[in-house]
Protein chains: 2
Amino acid sequence: MAKLVATIEPTGQCCPSVLGAPLDAEEAAELADGFMALADPVRLRVLSILAAAPDGEVCVCKFVGPLGKSQPTISHHVKILSEAGLVAGDRRGKWVWYSLNRERLAALQAALQPSG
Amino acid sequence: MAKLVATIEPTGQCCPSVLGAPLDAEEAAELADGFMALADPVRLRVLSILAAAPDGEVCVCKFVGPLGKSQPTISHHVKILSEAGLVAGDRRGKWVWYSLNRERLAALQAALQPSG
DNA sequence: TAGATGCATCGATCCCCGTCAATGTACTGG
DNA sequence: CCAGTACATTGACGGGGATCGATGCATCTA
């Protein structure tokens with residue numbers, strides 16, 4: 001096995017955590033950017049659709065109808081998710097297939113981990 | 001033993017999760033409200049200070065200096081956290097002591113849980 | 001090459017958020 | 001009571017997000 005979860009030390013910490021030591025301004029700003037990307041119903045639904053996709057990829061056109069928003073609005077939200085590192089797009093001919101970055105999502109999840 | 005974690009069923013789910021089945025509009029809006037409360041550096045630092053407090057309680061006056069914001073601004077953010085159910089205040093004479101609602105925070109954390 | 005399709009960008013609009021000074025409210029102490 | 005302290009609320013300002021129609025760009029197809 002190539003690499004474990006970094007060899008967590010008792011006192012150490014791999015990522016800034018809300019429940020660990022008090023955050024400084026920079027750490028807080030970085031985490032806030034991540035949660036800001038999650039702070040919209042449309043974006044959360046985009047993520048959940050991606051997570052539920054059998055092959056882990058969804059064409060942008062599959063978001064417009066189900067989410068009830070215009071195509072520019074969907075494109076806007078997908079861009080925000082992309083800039084936040086939560087999704088990645090892959091152009092294939094006319095279509096762009098987006099996939100979920102589960103590591104990035106796990107990092108935000110870890111910031112809320114009770115143990116710190 | 002009184003009550004386990006609700007007897008999780010393979011297909012069932014206790015709370016809306018971003019990584020489970022696609023979220024409907026209502027579930028997504030509810031989760032988005034929670035993450036919106038986390039999407040600010042000042043509020044994240046308030047939470048982290050509360051989490052790091054030895055007795056789990058911090059007087060509001062202890063936020064103003066370290067966070068470098070005015071007293072009304074701090075009061076504004078604490079109110080948002082309170083309305084989101086993430087903190088609770090307890091008035092004792094002149095002072096108001098705030099404490100962290102770790103269950104509410106854990107619920108948001110669970111919504112990002114990889115298993116669903 | 002012309003038209004159609006999928007997606008991104010632009011421009012405009014509306015609304016909400018973060019911030020602070022000023023003020024209000026509640027409690028304490030003299 | 002009155003002054004002071006701790007916190008909340010108000011009002012105003014600036015900035016940015018959410019939304020959509022119109023438009024631009026790339027690709028496919030006839």
Side-chain angles (χ1 to χ4, degrees), chain A residues 23 25-26 28-47 49-50 53 57-100, chain B residues 23 25-26 28-50 53 57-99:
Chain A
L23 296 166
E26 188 180 0
E30 191 174 332
L31 279 177
D33 285 341
F35 289 122
M36 180 64 83
L38 299 178
D40 184 276
V42 174
R43 292 197 288 270
L44 286 178
R45 297 182 75 185
V46 166
L47 292 177
I49 290 174
L50 284 175
E57 291 181 320
V58 176
C59 177
V60 174
C61 61
K62 295 301 179 186
F63 294 133
V64 178
L67 299 186
K69 299 293 176 183
S70 71
Q71 178 269 323
T73 297
I74 297 295
S75 190
H76 165 72
H77 286 299
V78 168
K79 181 179 183 181
I80 290 179
L81 289 173
S82 178
E83 290 175 345
L86 288 166
V87 304
D90 182 22
R91 175 136 220 154
R92 300 177 193 167
K94 267 196 301 185
W95 299 276
V96 178
W97 293 82
Y98 277 92
S99 58
L100 192 59
Chain B
L23 296 166
E26 188 180 0
E30 193 173 333
L31 280 177
D33 286 341
F35 288 122
M36 181 63 83
L38 299 179
D40 184 276
V42 174
R43 292 197 288 272
L44 287 179
R45 297 183 74 186
V46 165
L47 293 178
S48 71
I49 290 175
L50 285 173
E57 290 182 321
V58 176
C59 177
V60 174
C61 59
K62 296 299 179 187
F63 292 133
V64 178
L67 298 186
K69 297 295 177 182
S70 71
Q71 178 269 322
T73 297
I74 297 296
S75 189
H76 166 71
H77 286 299
V78 168
K79 181 179 182 179
I80 289 178
L81 288 173
S82 177
E83 289 174 347
L86 288 166
V87 304
D90 182 21
R91 175 138 221 151
R92 300 176 193 167
K94 268 195 299 186
W95 298 276
V96 178
W97 294 82
Y98 277 92
S99 58

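Below, read A as the first sequence line, B as the second, and so on, with proteins coming before strands; counting in each chain starts at 1.
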With sequence neighbours excluded, residues passing side chain to side chain donor-acceptor pair (under 3.5 Å) with B:Ser70:
B:Thr73
With sequence neighbours left out, what residues match A:Glu57 under side chain to side chain donor-acceptor pair (under 3.5 Å)?
A:Arg92
Residue mapping more 5' on DNA chain D - nearest nucleotide basis, B:Tyr98 or B:Met36
B:Tyr98
Write down the protein N/O and nucleotide N/O pairs, taken from nucleotides 11-16 of chain C, whose separation is under 3.5 Å; answer none if there are no such pairs.
none

Identify the two heavy atoms, one from A:Cys59 and one from A:Trp97, that lie closest to each other, and give their separation to 0.1 Å.
N-CE3, 3.5 Å
Contact interval (first through last nucleotide) of DNA chain D with protein chain B, 4.0 Å heavy-atom
D:dT5 to D:dT9
Can you name the residues that form a side-chain contact (heavy atoms from CB on, under 4.5 Å) with A:Val58, not counting sequence neighbours?
A:Ile49, A:Leu50, A:Ala53, A:Lys62, A:Phe63
When rounded to whole Å, the CZ to C1' distance for the pair B:Arg45 and C:dG18 reads 16 Å
List for me each residue that meets side-chain contact (heavy atoms from CB on, under 4.5 Å) alongside A:Gln71, sequence neighbours excluded, and say none if there are none.
A:Val64, A:Ser75
What residues, two or more places apart in sequence or in another chain, satisfy side-chain contact (heavy atoms from CB on, under 4.5 Å) together with B:Pro41?
A:Ala28, A:Ala29, A:Ala32
Reckon A:Ile74 touches a base, only the sugar-phosphate, or nothing at all at heavy-atom distances under 4.0 Å?
nothing
Could you pull out all residues at least two apart from B:Ser82 that satisfy side-chain contact (heavy atoms from CB on, under 4.5 Å)?
B:Val87
Less than 4.5 Å apart, side chain to side chain, heavy atoms only: is that true for A:Tyr98 and A:Val46?
no
Determine which pairs satisfy salt bridge (charged side-chain N to carboxylate O under 4.0 Å, His left out) with at least one residue from residues 73-89 of chain A, sequence neighbours left out, and list them in order.
none
I need the CG-P distance between B:Leu67 and C:dG18, as an integer number of Å.
14 Å
Hey, which of these two, B:Val78 or A:Arg43, hits DNA chain D nearer its 5' end, going by closest nucleotide?
B:Val78
For a quick check of understanding: with a heavy-atom distance under 4.0 Å over all strands, which category does B:Phe63 fall into, base, sugar-phosphate or nothing?
nothing
What pairs of residues pass the side-chain hydrogen bond (donor to acceptor under 3.5 Å, both in side chains) test when at least one of them lies in residues 40-50 of chain B, not counting sequence neighbours?
B:Arg43-B:His77
In Å, rounded to the nearest 0.5 Å, how long is the span from CG of A:Leu31 to CG of B:Leu38?
9.5 Å
All N/O contacts under 3.5 Å from nucleotides 19-29 of chain C to the protein, with atom names and distances to one decimal?
| unit_1 | atom_1 | unit_2 | atom_2 | d |
| --- | --- | --- | --- | --- |
| C:dT19 | OP1 | B:Lys69 | NZ | 2.9 |
| C:dT19 | OP2 | B:His77 | NE2 | 2.5 |
| C:dC20 | OP2 | B:Ser70 | N | 3.1 |
| C:dC20 | OP2 | B:Ser70 | OG | 3.1 |
| C:dC20 | OP2 | B:Thr73 | OG1 | 2.8 |

